[in-house]
Structures are given as C-alpha cells and as structure tokens.
Amino acid sequence: MGADSGSQGPPMDGTARAPYGIRLELSRTEINRRRAQEETPEETNVMTSPIAGGVDCDLHPAVPHLTSLLPYLNDYWRDQVTTRGMTDLVSQSYPTNSPITSRPDWRPAEGKPGSSLEDMKAQALDRFGVSYAICNPLYGVQMVFSEDMADAFCRALNDWLVKEWLDKDQRLRGSIVIPVQSIEKSVAEIERCAKDKRFVQVLMLVMGDMPLGKRAYWPIYAAAERLGLAVGIHAGSNYHNPPTSVGWGSYHIEDYVAQAQAFQTQLTSLIVEGVFARHPKLKMVMLESGFTWLPSYLWRLHKFWRGVRMETPWVDRAPLEIVRGNIRFSLQPIDAPPDPATLNRLFDHMQSDELLLFSTDYPHWQFDGDAVLPEGMSSDLVRKVMIDNPHATYSRLKSAVTQETTQ
C-alpha cells in the first residue's frame, strides 16, 4: 500500500487521469457537448421516452401460492408439502404490503402483485412496447436448508415458469432458478433447463452463504458460459446470514439499503477471485443493484488493486476493464438526483455506454407513470440501453431473434 501512496500510477483505461481515475482534461467533443447543454438546458428537461422493440431485463412473475407448484412436483414432494402443512415461501425481501413491493396502480385487488399475465401485458409489456422481457421469479425456494427440497422446488418453479408464462406469450424469456445449496444439483438444473432456448440466464441472489467469487461456485459459471447463458445476480437474500456486515438490523430499510453494499462486496469477490480470468466469455448482470455507486467503487477498487496486485496475479486486467467486458447493470432502480445534468455526468464517469440494460422491475415501485427512463438521456444512449446492450449481453436472445427473422 505504501508504494501506492502519493503516486498517480497508471490510469484505469490508459488515458491521462488524476488520482482515482478523474479526467485531467476534457476532450473537445465533451466540451462542446457540455456547452450545448448549458446553452439549451430546456432540451434535457423533457422526459425521456422508451422506444419500441426494447428488451425488459427484469420482470417478476409471482407464484400465487405454494400450491401453484404442486402440479410440477413429484408424488413424494406433493405429499411432503401437504403433510407438513406448508402454505407459502415468501421472502422478506419484498414484504407483501410494503410500498416498494408494488406500484399502487400495479397492485391487484386480490392476490400478489405480478401474479397475473394479463396485468403484466397491459402494465409492462404492451405499455413500454418491448419485444422481449426476461422473467426473474423471486420466490423463497432459495431459503430452505435442505438440498433435496430446494432442488425439487427449483425444478417445479422453472417448469411452472415455462407452462404458465413462457408458453403463453412469445415475448417472454426466462431465468433458471437454481438450488445453490448444492452445486452439483445446480449444474444439473442448468443443463436440464438450458435445452429450452427461451431460458437466457441463470438466476442467483446477491446475499447467500458465501462470496460468489469462491471456487465452489465455479462449476455453475462454467455451465452457464458453456451453454451461452448469462448469470443474473439479483437483490435479495436467503437470510441464512445477517444482511449487513455488522449483524441484524431492526427495520426493512436497513436491509434494502444494504443491498448495494452487498453488490459491491460480491463484485469485488468475483473480480479478485479470478472468475473472469477462468471464464472470460461469461456475462454477469447485476439486477436491482443500482449503478450510481459504480464510479467511486471502481476508483477505490482500482487503487487498492494496484497497491496489492501481487497477491492476485491472475487479475491481469484493471477492474474497470473487467467490468466493461463482463458485467452489466439493470437500469432500475436509479439512485440519483432528478437533475439530468448530474445524471449525465455520472454516465461520463462510468466511461462506457454498454453497461446498462433496460428494466422496469415490474411490479416493484421504482418510478411513476411512464418515467421508466431518467430525464435527459440522449437518443443514442436510449437505444443502447433498451436494445443494443441487452442483445449483446444475452447471446441466446440474439440467436432467438435471428432464428425468428429467418423463418
């Protein structure tokens, strides 16, 4: 660490920068763009509208009740659910009556928000004109401790998703929910579900039993890379451990705010453990992670990586370069001031227009009305976020589009 103190060192991407990667000079193009914004501020204060043909990378179909999975369980597990009197598997990540769990106008009169395909069509798919939408079921199957029970429930959940959602709307794609309690069973479930090309992603939670970069998880990543699946890391927890690094809090807000810290911890683990050195083609998507923390986090990680890089020689690329090549972030939630100029400066600090993927986070409450995109985004960035970036991230989605257009 001492060798790093007081020295500017190499910048994160090879250009002239001050410490922590801050630009020393702005390019002429950047200067002209900022002058134009200052001269015509009213142009950046208009609500940015979605464009047709986008890909919604984060929707949450809700399992109405545990009995909804009974048709997809074998005789043994159906009997177990009935005999044990199991009624539901509801995680505390999204309490039913919490305002953030559902927008008021997306909350049904009866049942769970997100449990109706017709509501999803009207409120998200049709409303925002998407061509494809990726379903990420957040159901408490990851919370149980039994490997066998988790495996049975994950299989049932994935089969339920196919029959009740993917088969009923050709725009829908799915994420494979895996029983992370068993790496062997997780790989088997990935291989089973991957035969259906409508599955484009493997879904994991950001808070689990250990850091996601640990080598025990690598067979999961190897299977995903081999089968052309992205790995989605979603906000949430199996609640086997406290959601904060200092123990259990008292209120839901503590859990919710701590999610961003968990994403930073997991991203550090994935990078320094060498996941992307072993699996260079693997794409990981941080879902509901937020992204406004990314520049300052990367500046800090880059500084310490330079200072102690001798302990992780397999990390042969700067953290920013690894993030650019392998990591993506869903758009919602946007933890930023509403001022368009401030948000555009943040986009500049991210140093890439390929990191963000369009998402509505349906039915969670992250925005009002049709304001799914923040104000002041350029038309080029809107297209990148809504169409180009998702297709580049999800290789199966891209091949599905190619296949459909050739028929």
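Note: hydrogens, waters and symmetry copies are ignored here, and every other heavy atom, side chains too, is used.
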Glu184 atom CD: more than 12 heavy-atom contacts under 6.0 Å: no
Glu147 side chain vs Ser182 backbone, donor-acceptor pair below 3.5 Å: no
CA sep, side-chain torsions, deciding dist, call: Glu118, Lys168, salt bridge (charged side-chain N to carboxylate O under 4.0 Å, His left out): CA-CA 10 Å; Glu118 294 306 314; Lys168 295 182 178 180; over 6 Å; no
Reported CE-to-CD1 distance for the pair Met204 and Ile233, which is rounded to 0.5 angstrom: 5.5 Å
Test side chain to side chain contact (heavy atoms under 4.5 Å, CB included) applied to Val177 and Leu138, step by step: CA-CA 9 Å; Val177 180; Leu138 298 179; over 6 Å; no
Ring centers of His302, Trp299 separated by less than 6.0 Å: no
Audit row: Asn389, Phe358, side chain to side chain contact (heavy atoms under 4.5 Å, CB included) steps and yes/no: CA-CA 9 Å; Asn389 293 349; Phe358 176 71; over 6 Å; no
Under 3.5 Å donor-acceptor, Asp79 side chain and Asp75 backbone: no
Any donor-acceptor pair under 3.5 Å from Asp370 side chain to Ser49 backbone: no
Lys185/Asp148 ion pair, N-O < 4.0 Å: yes
Side-chain (Gln181) to main-chain (Val144) donor-acceptor, under 3.5 angstrom: yes
Pair Asp196 + Arg396, salt bridge at N-O below 4.0 Å: no
Side chain to side chain contact (heavy atoms under 4.5 Å, CB included) between Leu172 and Arg198, intermediate numbers included: CA-CA 8 Å; Leu172 296 181; Arg198 293 173 297 179; over 6 Å; no
Asp316/Arg309 salt bridge by N-O under 4.0 Å criterion: no
Salt bridge (charged side-chain N to carboxylate O under 4.0 Å, His left out) against Glu110, all qualifying residues, sequence neighbours excluded: none
Flag for Asp335-Thr292: side-chain donor and acceptor within less than 3.5 Å: no
Neighbour count above 12 (heavy atom, 6.0 Å) for Arg226 CZ: yes
Residue pair Tyr394 / Leu229, side-chain heavy-atom distance below 4.5 Å: no
Between Gln123 and Arg127: side-chain donor-acceptor atoms closer than 3.5 Å: no
Donor-acceptor under 3.5 Å (Ser395 side chain, Gly228 main chain): yes
Ser359 side-chain N/O to Ser330 backbone N/O, donor-acceptor pair under 3.5 Å: no
Heavy-atom closest contact (Trp165 atom, Ser116 atom, distance): CH2-C, 3.7 Å
Salt bridge (charged side-chain N to carboxylate O under 4.0 Å, His left out) between Arg173 and Asp56, intermediate numbers included: CA-CA 10 Å; Arg173 296 294 183 265; Asp56 191 339; over 6 Å; no
Partners meeting side chain to side chain contact (heavy atoms under 4.5 Å, CB included) with Arg383 (sequence neighbours left out): Ile51, Ile387, Asp388
Donor-acceptor contact present, side-chain Asp361 to main-chain His364, <3.5 Å: no
Check residues 206-221 and write down every donor-acceptor pair under 3.5 Å in which the side-chain atom is one partner and the other belongs to a residue at least two apart or another chain.
unit_1	atom_1	unit_2	atom_2	d
Asp209	OD1	Asn238	ND2	3.4
Asp209	OD1	His240	ND1	3.0
Arg215	NH1	Glu273	OE1	2.6
Arg215	NH2	Glu273	O	3.4
Trp218	NE1	Gly213	O	3.0
Tyr221	OH	Leu212	O	2.6

Residues which pass salt bridge (charged side-chain N to carboxylate O under 4.0 Å, His left out) with Arg155, listed by chain and number, not counting sequence neighbours: Glu189
Listed partners of Pro64 passing side chain to side chain contact (heavy atoms under 4.5 Å, CB included), at least two apart: Ser68, Ser115, Trp160
Main-chain N/O of Pro340 paired to Asn344 side chain as donor or acceptor, under 3.5 Å: yes
Asp159/Arg192 salt bridge by N-O under 4.0 Å criterion: yes
Glu321/Arg324 salt bridge by N-O under 4.0 Å criterion: no
Parallel, tilted or perpendicular: ring planes of Tyr362 versus Trp106, cut at 30 and 60 degrees: tilted
Under 3.5 Å: donor-acceptor pair, side chain of Thr48, backbone of Pro374: yes
Any donor-acceptor pair under 3.5 Å from Gln142 side chain to Leu205 backbone: no
Test side chain to side chain contact (heavy atoms under 4.5 Å, CB included) applied to Ala122 - qualifying residues, sequence neighbours left out: none
Pair His60-Glu288, side-chain donor/acceptor within less than 3.5 Å: yes
Leu66 CG to Leu73 CG distance, which is reported to the nearest 0.5 Å: 7.5 Å
